[in-house]
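Below: the structure, in structure tokens.
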Amino acid sequence: MPLIDRHPVLSFKHGRKVEFTFDGKKMQGFEGEPIAMALHSEGVRIYRETPEMKRPRGFFCAIGKCSSCFMLVDDVPNVRTCVTPLREGMRVCTQRGKGAVLPMEGEQ
Amino acid sequence: MNEKHSEIQEAEILVIGGGAAGLSAAAEAASAGAGVLVLESDLHLGGQLVKQTHKFFGSKDEYAGTRGFLIAGKLLEELSAYPDKVKTMTNTAAMGYYKNDGVVTAMRGEEEYFKLKPKRIVMATGAQERLIAFPNNDLPGVYGAGAVQTLMNVYGVSPGDRVLMVGAGNIGLIVSYQLIQAGVSVVGILEAMPNIGGYWVHAAKIRRLGVPILLRHTIRAALGSETVQGALVESLATGERFQLDCDIICMAVGLTPTAEMLWQAGCAMKYIPELCGHVPVRNKRQRTTHEDFWIAGDAAGIEEASAAMIEGRVAGLDAAASLGYSVDENRFDVFAERLNSLRRGDTAAKIRSGLEKVVAA
Ligand SMILES: Cc1cc2nc3c(=O)[nH]c(=O)nc-3n(C[C@H](O)[C@H](O)[C@H](O)COP(=O)(O)OP(=O)(O)OC[C@H]3O[C@@H](n4cnc5c(N)ncnc54)[C@H](O)[C@@H]3O)c2cc1C
């Protein structure tokens with residue numbers, strides 16, 4: 001993982017390492033840190049595909065404002081992965097298009 | 001609808017944004033006795049400060065000479081003196097304001113929505129990065145400078161192998177230096193202007209490390225099909241075009257204030273180029289034309305952290321005073337003098353001229 005291990009000023013206190021999946025592949029990241037950072041450290045650069053032009057999109061603003069890093073997380077579309085904490089066992093998928101809203105409980 | 005979602009939370013003073021300005025506003029309001037709720041959309045408090053490894057310029061009273069991320073720690077320590085006055089919520093973004101009943105809507109995480117009814121609101125939402133237009137600027141690998149900082153300085157993830165920096169203002173220079181600290185190579189810094197916008201101390205550090213600063217050069221395209229594999233660069237002096245090999249293009253072409261909610265509140269807004277965008281008209285105590293709203297920090301105009309902290313204190317104190325808390329009026333004079341001394345020099349001429357247009361007497 002391209003983590004920074006030596007730094008002249010900063011020391012990084014990471015939390016517990018957990019497993020999650022990206023498009024079905026097993027990956028690791030730190031619990032509580034944003035999903036986007038875990039993906040980036042695993043070398044993933046493409047997070048979604050735009051609805052009309054089918055262009056790849058990835059990380060961009062990192063403050064939850066630009067929508068570039070929207071992904072499908074545990075079946076929920078349009079999750080801002082740059083500000084959503086990683087949890088053990090999350091299923092993270094490349095989002096293609098706009099994503100569909102899940103039916104509410106009890107609905108068809 | 002779920003109970004939790006429909007109940008309205010009350011707050012005396014709602015501070016939106018937990019950066020330099022917001023934390024200072026919260027501390028000041030709490031010291032006067034007011035109850036404060038701070039909403040922060042990021043996973044942690046501190047705003048831009050937590051991403052900065054260099055020693056800050058600015059005023060001594062606002063911790064100049066201290067590294068940015070340590071300044072954030074000092075503000076949080078100050079806040080911890082008021083545990084029953086100040087409540088903070090992270091991963092919580094303020095979304096909208098309803099003018100007819102004064103309700104603020106907020107979102108915690110991706111799923112939990114709730115309403116707030118504060119008596120007073122201090123907007124300290126900071127800034128958003130600008131982007132310039134060129135083919136492929138949406139390709140993964142074209143990142144904002146703030147995003148690169150978050151990745152490497154907050155989470156310790158290396159952004160890439162070879163970075164091309166666009167913009168030689170202070171942010172472009174400082175982030176280039178931070179990249180090198182993190183062990184990433186910077187292939188060059190492009191600057192369209194004929195001179196370096198940032199401070200010479202920062203430029204000199206970069207030059208000593210052998211990073212070329214290409215003045216009068218700009219980016220014409222990001223190259224690559226799936227992700228960035230290079231950049232097409234053009235000399236504005238000769239028209240010559242050439243390719244640079246890089247996997248990250250880092251955009252440091254400026255910031256613009258963000259305070260959309262003030263439009264919803266009907267505050268008088270003005271476009272002020274010197275302050276880098278649309279900002280609210282306000283009085284000397286940071287109060288906008290909507291009497292329940294104050295503004296502070298980069299959201300009030302792009303400046304720097306010392307000014308953001310002082311403006312935050314003025315806003316917090318005045319908001320508390322407006323609720324009837326007794327405050328020491330002399331503090332306003334002390335803060336005004338600190339702001340004046342920060343804004344005295346040549347480098348602050350632009351700020352002074354911008355403020356003249358939006359600060360009502
Ligand atoms: C590379 C770099 C180097 C710098 N170096 C210096 C220096 O040496 N000296 C100096 O004085 N200044 C420096 N600055 C500038 C300084 O960091 C900023 O001026 C200062 O942080 C502004 O503080 P702020 O509180 O207004 O904004 P921010 O620190 O940006 O804080 C705003 C906060 O609001 C939150 N927010 C935004 N919208 C919402 C919403 N709707 N709901 C909830 N929360 C929200 C954001 O997540 C953020 O945390 C530097 C800046 C950069 C980028």
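Quick caveat: nothing in here was measured; it's all calculated off a predicted structure.
If you measure heavy-atom distances from A:Val76 to chain B, the contacts under 4.5 Å come from the side chain alone. Contact annotation for B:Val184: neither backbone nor side-chain heavy atoms come within less than 4.5 Å of a heavy atom of chain A.
The side-chain contact (heavy atoms from CB on, under 4.5 Å) search around B:Ala94 returns B:Ile16, B:Leu39, B:Val104, B:Met261, not counting sequence neighbours. With sequence neighbours excluded, the residues that form a side-chain contact (heavy atoms from CB on, under 4.5 Å) with B:Pro257 are B:Cys276, B:Val279, B:Ile302.
The two atoms that bring A:Gly58 and B:Pro140 nearest to each other are N-CG, 3.7 Å, heavy atoms only. Across every non-hydrogen atom of A:Phe12 and B:Val154, the tightest pair is CD2-O, 4.1 Å. Of all heavy-atom pairs spanning B:Ala127 and A:Ile63, the tightest one is O-CD1, 4.4 Å.
Taking B:Ala145, B:Gly183, B:Gly144, B:Gly160 one by one and counting their heavy-atom pairs under 4.5 Å with chain A, the maximum is reached by B:Gly144. The candidate from A:Cys66, A:Gly64, A:Cys61 with the greatest count of non-hydrogen atom pairs under 4.5 Å with chain B is A:Cys61. Comparing A:Ala62, A:Pro56, A:Pro85 by heavy-atom pairs within less than 4.5 Å of chain B, the highest count is held by A:Pro56.
The structure places CG of B:Leu43 at 8.5 Å from SG of A:Cys82, a figure rounded to the nearest 0.5 Å.
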What would the table of donor-acceptor pairs between chain A and chain B look like if you include every N and O pair under 3.5 Å, whether backbone or side chain?
residue	atom	partner	partner atom	Å
A:Pro2	O	B:Ser158	N	2.9
A:Ile4	N	B:Gly156	O	2.8
A:His40	NE2	B:Tyr143	OH	2.9
A:Arg55	NE	B:Asp138	OD1	3.4
A:Arg55	NE	B:Asp138	OD2	2.7
A:Arg55	NH2	B:Asn136	OD1	2.8
A:Arg55	NH2	B:Asp138	OD1	2.7
A:Arg57	NH2	B:Asp138	OD2	3.0
A:Phe60	O	B:Gly144	N	3.3
A:Arg80	N	B:Glu110	OE2	3.3
A:Arg80	NE	B:Glu110	OE2	2.6
A:Arg80	NH2	B:Gly109	O	3.3
A:Arg80	NH2	B:Glu110	OE2	3.2

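Between A:Leu3 and B:Val157 the shortest side-chain heavy-atom distance falls below 4.5 Å.
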